[in-house]
Protein chains: 2
Amino acid sequence: MKKKKKELNDAALEMIAGRFRLMSEPMRLKILHTLGEREMNVSDIVAATGANQANVSKHLGILYDAGVVTRRKEGLTVNYRVSDDTIFELCDVVCSRLKSQFDLRRFALSDL
Amino acid sequence: MKKKKKELNDAALEMIAGRFRLMSEPMRLKILHTLGEREMNVSDIVAATGANQANVSKHLGILYDAGVVTRRKEGLTVNYRVSDDTIFELCDVVCSRLKSQFDLRRFALSDL
DNA sequence: ACACTGTATTACTATACAGTAATATATGGT
DNA sequence: ACCATATATTACTGTATAGTAATACAGTGT
């Protein structure tokens with residue numbers, strides 16, 4: 001079976017774009033980075049990020065709906081954990097790219 | 001030199017988020033996917049995507065400003081080409097993730 | 001039952017930005 | 001110089017969504 005040039009339909013594009021949109025908010029990135037590999041409850045995330053509780057809760061809900069984090073209730077608190085490691089993979093790719101782009105610019109300026 | 005847990009400052013978060021935001025528009029993804037490895041002028045991209053010329057031009061400008069595509073004038077036309085392959089790398093990661101997520105859901109439904 | 005704490009939700013405001021029509025700016029041909 | 005074509009820009013409108021204060025909801029202890 002031959003693999004011809006894939007024609008991405010609009011629904012697929014929308015899904016992919018949505019995934020990127022999920023990662024396009026500094027606050028969400030901050031939460032994900034704060035979480036890292038551990039499990040944390042909302043209050044701790046609020047404290048660690050310094051953000052408003054409602055805001056953190058909203059972002060966690062969005063991440064949860066997208067299947068990026070898991071939720072585990074434990075008494076009064078709710079514990080979250082990153083369940084999708086591709087998140088970090090994406091961030092790594094972006095970070096290295098930004099870094100090298102930055103280095104290039106710095107190099108270009110080094111003659112001045 | 002010990003590598004302690006990197007504390008991402010707000011500026012860095014903003015840059016990373018910005019990179020993802022760049023990829024969070026279906027139209028831009030469509031343009032990038034249309035370009036692929038070749039060089040195309042604006043008219044051809046407009047034809048291939050079926051989008052408004054002003055819109056394509058705007059998105060190309062945004063991609064250019066972000067350093068994702070290069071621009072080469074040739075007479076009346078302007079040729080664009082993807083200059084940052086991490087773009088495709090990011091898309092690949094997202095696509096496989098979405099696919100496996102989808103497969104999981106389908107599997108979960110297979111018992112019904 | 002009541003009070004307390006942790007989390008989610010609601011309702012709102014403000015901002016960012018995609019799409020678009022109209023217009024401007026090139027460049028080439030006559 | 002003028003016209004035609006390709007691309008960029010401007011000005012505008014509508015929509016999505018982040019942040020937030022207030023409130024609801026759930027679980028725990030008394």
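Numbers restart at 1 for each chain; the letters A, B, ... are given by sequence-line order, proteins then strands.
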By nearest atom, which of the nucleotides D:dA8, D:dA18, C:dA8 is closest to the B:Val42 side chain? D:dA8
Lys/Arg-Asp/Glu bridge criterion (N-O < 4.0 Å) met for A:Asp92, A:Arg97: no
Using a 4.0 Å heavy-atom cut-off across all strands, classify A:Tyr64 as base, sugar-phosphate, or nothing. nothing
Sequence-distant partners of A:Glu37, side-chain hydrogen bond (donor to acceptor under 3.5 Å, both in side chains), two or more places apart: none
Using the rule that Ile, Leu, Val, Met, Phe, Trp and Tyr join whenever any side-chain heavy atoms are under 4.5 Å apart, tell me whether B:Val94 and B:Leu104 fall into a single cluster. no
Separation of A:Arg71 atom CZ from D:dA26 atom C1', in whole Å? 13 Å
Are B:Arg19 and B:Glu14 close enough for a salt bridge, meaning some N to O gap below 4.0 Å? no
Presence of B:His59 side-chain N/O under 4.0 Å of C:dG19 phosphate oxygens OP1/OP2: yes
Atom pair distance, as rounded to whole Å: CE in B:Met40 and P in D:dT7: 11 Å
So what does B:Lys73 touch, heavy atoms closer than 4.0 Å: a base, only the sugar-phosphate, or nothing? sugar-phosphate
Under 4.0 Å, heavy atoms only, any strand: does B:Gln53 hit a base, just the sugar-phosphate, or nothing? base
When all nucleic acid strands are considered with a 4.0 Å heavy-atom cut-off, which category describes B:Ser57: base, sugar-phosphate, or nothing? base
Between P on C:dA24 and CG on B:Leu76, what's the gap in Å once rounded to a whole number? 19 Å
When we call it a touch if two heavy atoms are under 4.0 Å apart, what does A:Ile62 touch: a base, just sugar-phosphate, or nothing? sugar-phosphate
Comparing nearest nucleotides in DNA chain D, the 5'-proximal residue of the pair A:Gly75, A:Ala54 is A:Ala54
Starting from P on D:dT5, measure out to CG on B:Asn41 and report it in whole angstrom. 15 Å
A:Arg21 atom CZ is separated from C:dA16 atom P, nearest whole Å, by 17 Å
Mind calculating the distance between CD (B:Glu74) and C1' (D:dT7) to the nearest angstrom? 14 Å
If I take atom CG in residue B:Asn52 and atom C1' in nucleotide C:dA18, what distance separates them, rounded to the nearest angstrom? 11 Å
A:Thr70 side chain reached by A:Tyr80 side chain, heavy atoms, under 4.5 Å: no
Taking only side-chain nitrogens and oxygens of B:Tyr80, does any of them come within less than 4.0 Å of OP1 or OP2 of D:dA6? no
Rounded to whole angstrom units, what separation is found between the CG atom of A:Asn55 and the P atom of C:dT10? 16 Å
